[in-house]
Amino acid sequence: MTSDGIDAVDYHCGGEPFRIVTATAGPAGATVAEKRVAAATDPEADGLRKLLCSEPRGHADMYGGFIVAPDDPGAHFGVLFWHKDGFSAACGHGTMCLGTWAVQTGLVPVDPGGVTDVVVDVPSGRVTARVTTAGTKVTAVDFVSVAAYLLHDEVVVETSRGAASCTVAFGGAIYAHVPAATFGLSVDKASLPALIELGREIKNELNATVYAEHPLDPRLSGVYGVIFFDELGDEDDGDVRQRNVTVFADGQVDRSPCGSGTASRVAALHSSGRLATDGTLVHSSIVGSTWSARIADMTVLAGRNAVLPIVTGRAFRTGHHRFVVDPDDDLVPGFVLR
């Protein structure tokens, strides 16, 4: 952080915040994945994360990213995603915000054809924000995910509300999927406190087992979030409609339908035969925002059938900030009240 402060621009995508910081080189590392590992113990990177996430500059559910160099010239830039508990491997809503930001600022020139690919290196791989424009206006943005696939099905976990069967799938990060109705709950504000606690319980139980292991890269191991979902009924054309809330990290709540979580949901639904290869998942969030997701292609990864999901939403700028630290401030980097 310079003596003049640190500049950031804030976006939201589906209601979930994303704070973009460009004035940082990030920690050492040849790749973004290596930089993520180093960031956890880098005093400058982790200190800045804490400062921007913690109150009074942030809050318990704040999310953001540091722009860093890409792995190679094939990407426009790299990003280290962060939240109040550390640095994450993937972030779909953040990727959509970054794509919108890159086009709106001119960092990536608008393709005259109306669709501009912004290629971003993230810790879990190379992703694309495919930005659709009409003139100078961004009308939609696709999150083109890394390959997503089922890891485990019908995994039984014990909770304070009884046993539950969950599905574990990868969509850039590892997620456990559980119907909210398993616990007599719904994806709504009234049920949220109970879902947060259940999310913590399920994550902690699974992380002590082989079900949380990534088959290729141990840096991606660990259940990142728990997706609780409601069924909203299928369309006549076979499209699947669901509402979800993702509880990630240590009790953080995703306001959006969750980008990488939606990618993992597509993989789980396709593996079960519920979502056709040419079908669409209409995915809503706890605040009412709705994205659509489809399968662009199929592949095989780690000996598993995998899908290449595309999640479509919109991102909007909410503000520009210059954060400073008064040398006499005794509440630095801040605090979190949850």
Side-chain angles (χ1 to χ4, degrees), residues 16 60-61 63 81 83-93 124 148-215 218-232 242-269 271-272 274 281 283-287 304 336 338:
E16 180 71 357
D61 296 290
Y63 214 110
F81 296 119
H83 48 75
K84 75 175 178 64
D85 298 304
F87 293 86
S88 54
C91 178
H93 92 275
S124 60
Y149 43 89
L150 179 74
L151 289 172
H152 307 282
D153 201 10
E154 298 183 355
V155 178
V156 177
V157 294
E158 296 293 336
T159 77
S160 58
R161 289 177 175 247
S165 178
C166 64
T167 297
V168 181
F170 178 80
I174 297 175
Y175 293 88
H177 306 233
V178 189
T182 299
F183 305 103
L185 300 170
S186 299
V187 177
D188 55 32
K189 293 178 183 178
S191 298
L192 187 56
L195 293 174
I196 291 172
E197 291 309 309
L198 285 164
R200 283 172 162 150
E201 290 178 22
I202 293 169
K203 175 178 176 175
N204 289 338
E205 175 147 339
L206 287 174
N207 274 340
T209 71
V210 296
Y211 299 118
E213 295 178 1
H214 189 274
R219 295 174 298 187
L220 300 176
S221 292
V223 173
Y224 177 58
V226 180
I227 300 173
F228 297 100
F229 63 92
D230 288 343
E231 297 286 357
L232 301 181
Q242 294 184 340
R243 176 173 53 241
N244 90 97
V245 63
T246 300
V247 180
F248 66 96
D250 183 20
Q252 281 195 246
V253 176
D254 197 326
R255 275 75 171 153
S256 79
C258 187
S260 53
T262 296
S264 75
R265 194 87 198 100
V266 167
L269 288 167
S271 178
S272 70
R274 176 81 180 281
L281 169 62
H283 217 203
S284 298
S285 73
I286 194 169
V287 302
R304 295 169 167 82
V336 176
R338 197 184 71 227

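This one's a predicted model, so the numbers in the text were calculated from it and none came from an experiment. Heavy atoms only: backbone and side chains are in, while hydrogens, waters and symmetry mates are out.
At distances below 3.5 Å, not a single donor-acceptor pair connects side-chain atoms of D230 with backbone N or O atoms of S186. Side chain of T246 to main chain of I227: no donor-acceptor pair is present (N/O by atom type, distance under 3.5 Å, no hydrogens or angles).
A salt bridge (charged side-chain N to carboxylate O under 4.0 Å, His left out) check over residues 183-200, counting only residues at least two apart or in different chains, returns the pairs E197-R200, R200-D250. Evaluation of the side chain to side chain donor-acceptor pair (under 3.5 Å) test over residues 203-212, restricted to residues two or more places apart or in two chains, returns none.
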Contacts table for residues 177-185: side-chain donor-acceptor under 3.5 angstrom, sequence neighbours left out:
{"residue": "H177", "atom": "ND1", "partner": "R265", "partner atom": "NH1", "Å": "3.0"}
{"residue": "H177", "atom": "NE2", "partner": "S264", "partner atom": "OG", "Å": "3.2"}
{"residue": "T182", "atom": "OG1", "partner": "P179", "partner atom": "O", "Å": "3.0"}

Distance-only donor-acceptor hits, side chain of residues 165-172, under 3.5 Å, sequence neighbours excluded:
{"residue": "T167", "atom": "OG1", "partner": "D153", "partner atom": "OD1", "Å": "2.9"}

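Partners of E213 under the salt bridge (charged side-chain N to carboxylate O under 4.0 Å, His left out) rule, at least two apart in sequence or in another chain, do not exist in this structure. Among residues two or more places apart in sequence or in another chain, the salt bridge (charged side-chain N to carboxylate O under 4.0 Å, His left out) test is passed with R219 by D217.
Counting heavy atoms from C-beta on, the side chains of V253 and V245 come closer than 4.5 Å. Proximity of I174 to L220: side-chain heavy atoms (C-beta onward) are nowhere separated by under 4.5 Å. When side chains are defined from C-beta on, R304 counts as touching P215, because their heavy atoms get closer than 4.5 Å. Looking at S88 and Y63, their side chains come closer than 4.5 Å, going by heavy atoms from C-beta outward.
Distance check, rounded to the nearest 0.5 Å: CG of D61 to NE2 of H83 gives 11.5 Å.
Using a 3.5 Å distance cut-off with no hydrogens or angles, the side chains of T262 and H283 do pair a donor with an acceptor. When only modelled atom types and interatomic distance are considered, S260 and Y224 share no side-chain donor-acceptor pair under 3.5 Å.
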